[in-house]
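In what follows, a single structure is set out as structure tokens and then discussed.
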Amino acid sequence: MTASPQYPQQPAQPMSQQEEKTWATLTHVISGVAMVVSAGTLGFVASLIIYLVYRDRGPFVRAHAANAVNVQLTALIGLIVSGVLMIVLVGFVLYPIVVVAAVVIHAIAAMRANAGEWYDPPFTIRFVK
């Protein structure tokens with residue numbers, strides 16, 4: 001049995017400033033759209049994939065991707081609480097409020113990223129830094 005060849009791992013190539021702005025913007029846009037299309041469930045997957053792929057490519061895209069993951073995790077907690085509160089009917093009101101709030105935060109963050117501004121979303125727990 002022969003050993004498989006070991007290939008040296010190439011370090012991630014840094015992005016240009018424009019590429020970082022583009023991916024930072026897309027992180028929020030894709031996460032927000034995925035959240036709306038999936039009623040709040042797939043936005044986390046989209047933001048996590050972009051974070052894992054692009055986190056080492058530049059500090060700006062890393063910060064915005066981490067913020068997108070944090071918004072999605074905070075929204076997920078809100079959606080779980082809403083699901084539990086559906087027993088007493090309050091959750092039926094709270095669920096869409098959580099989804100709309102997360103989409104609005106993503107829209108604001110996408111506009112800030114497109115303008116090249118650093119942004120820390122409000123009402124968001126910082127799980128990923």
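Both backbone and side-chain heavy atoms feed into the values below; hydrogens, waters and symmetry mates do not.
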(request) Apply side-chain contact (heavy atoms from CB on, under 4.5 Å) to Y119 and M111, showing your working. (result) CA-CA 10 Å; Y119 179 68; M111 289 186 292; over 6 Å; no
(message) Could you measure the distance from the CZ atom of F44 to the CD1 atom of I49? Nearest 0.5 Å is fine.
(response) 10.0 Å
(message) Could you check whether any side-chain heavy atom of H106 comes within less than 4.5 Å of a side-chain heavy atom of V71, counting everything from C-beta outward?
(response) yes
(request) Could you grab the distance from atom OH of Y54 to atom CD of E19, nearest 0.5 Å is fine? (result) 9.0 Å
(request) Step by step, work out the side-chain contact (heavy atoms from CB on, under 4.5 Å) result for I50 and I30. (result) CA-CA 9 Å; I50 293 172; I30 292 169; 4.0 Å; yes
(message) If I compare all heavy atoms of A34 with all of S38, which pair ends up nearest, and what's the gap?
(response) O-OG, 2.6 Å
(request) Not counting sequence neighbours, which residues clear side-chain contact (heavy atoms from CB on, under 4.5 Å) with V29? List them please. (result) T25, V33, A110
(message) Rounded to the nearest 0.5 Å, what separates atom CD in Q72 from atom CG in L48?
(response) 10.5 Å
(request) Can you see which heavy atom on G32 is nearest to which on V103, and at what distance? (result) O-CG2, 4.0 Å
(message) Assigning hydrophobic clusters by single linkage (Ile, Leu, Val, Met, Phe, Trp, Tyr; side-chain heavy-atom cutoff under 4.5 Å), is L76 placed with V99?
(response) no
(message) Can you give me the closest heavy-atom contact between K21 and A113, atom names plus distance?
(response) CG-O, 3.8 Å
(message) Evaluate L94 against L85 for side-chain contact (heavy atoms from CB on, under 4.5 Å), listing each step before the verdict.
(response) CA-CA 8 Å; L94 188 59; L85 290 176; 4.0 Å; yes
(message) Between F123 and T74, is the side-chain contact (heavy atoms from CB on, under 4.5 Å) condition met? List the steps.
(response) CA-CA 8 Å; F123 312 113; T74 303; over 6 Å; no
(message) Is it the case that atom CZ in F127 sees more than 12 heavy atoms from other parts of the structure closer than 6.0 Å?
(response) yes
(message) Going by salt bridge (Lys or Arg N to Asp or Glu O under 4.0 Å), name the pairs with one or both residues in residues 93-114, residues two or more places apart or in two chains.
(response) R112-E117
(message) What's the separation between atom OG1 in T27 and atom OH in Y51, rounded to the nearest 0.5 Å?
(response) 11.5 Å
(message) Between S31 (side chain only) and H28 (backbone N and O only), is there a donor and an acceptor less than 3.5 Å apart?
(response) no
(message) Checking the side chain of N70 only, and the main-chain atoms of T124 only, is there a donor and an acceptor separated by less than 3.5 Å?
(response) no
(message) Measuring only between side-chain heavy atoms, which start at C-beta, is I77 closer than 4.5 Å to L73?
(response) no
(message) Within the 3.5 Å criterion, strictly below it, is a donor on H64 or E20 matched to an acceptor on the partner's side chain?
(response) no
(message) Looking at every non-hydrogen atom in both residues, tell me the closest pair between V98 and S82 and how far apart they are.
(response) CG2-OG, 4.1 Å
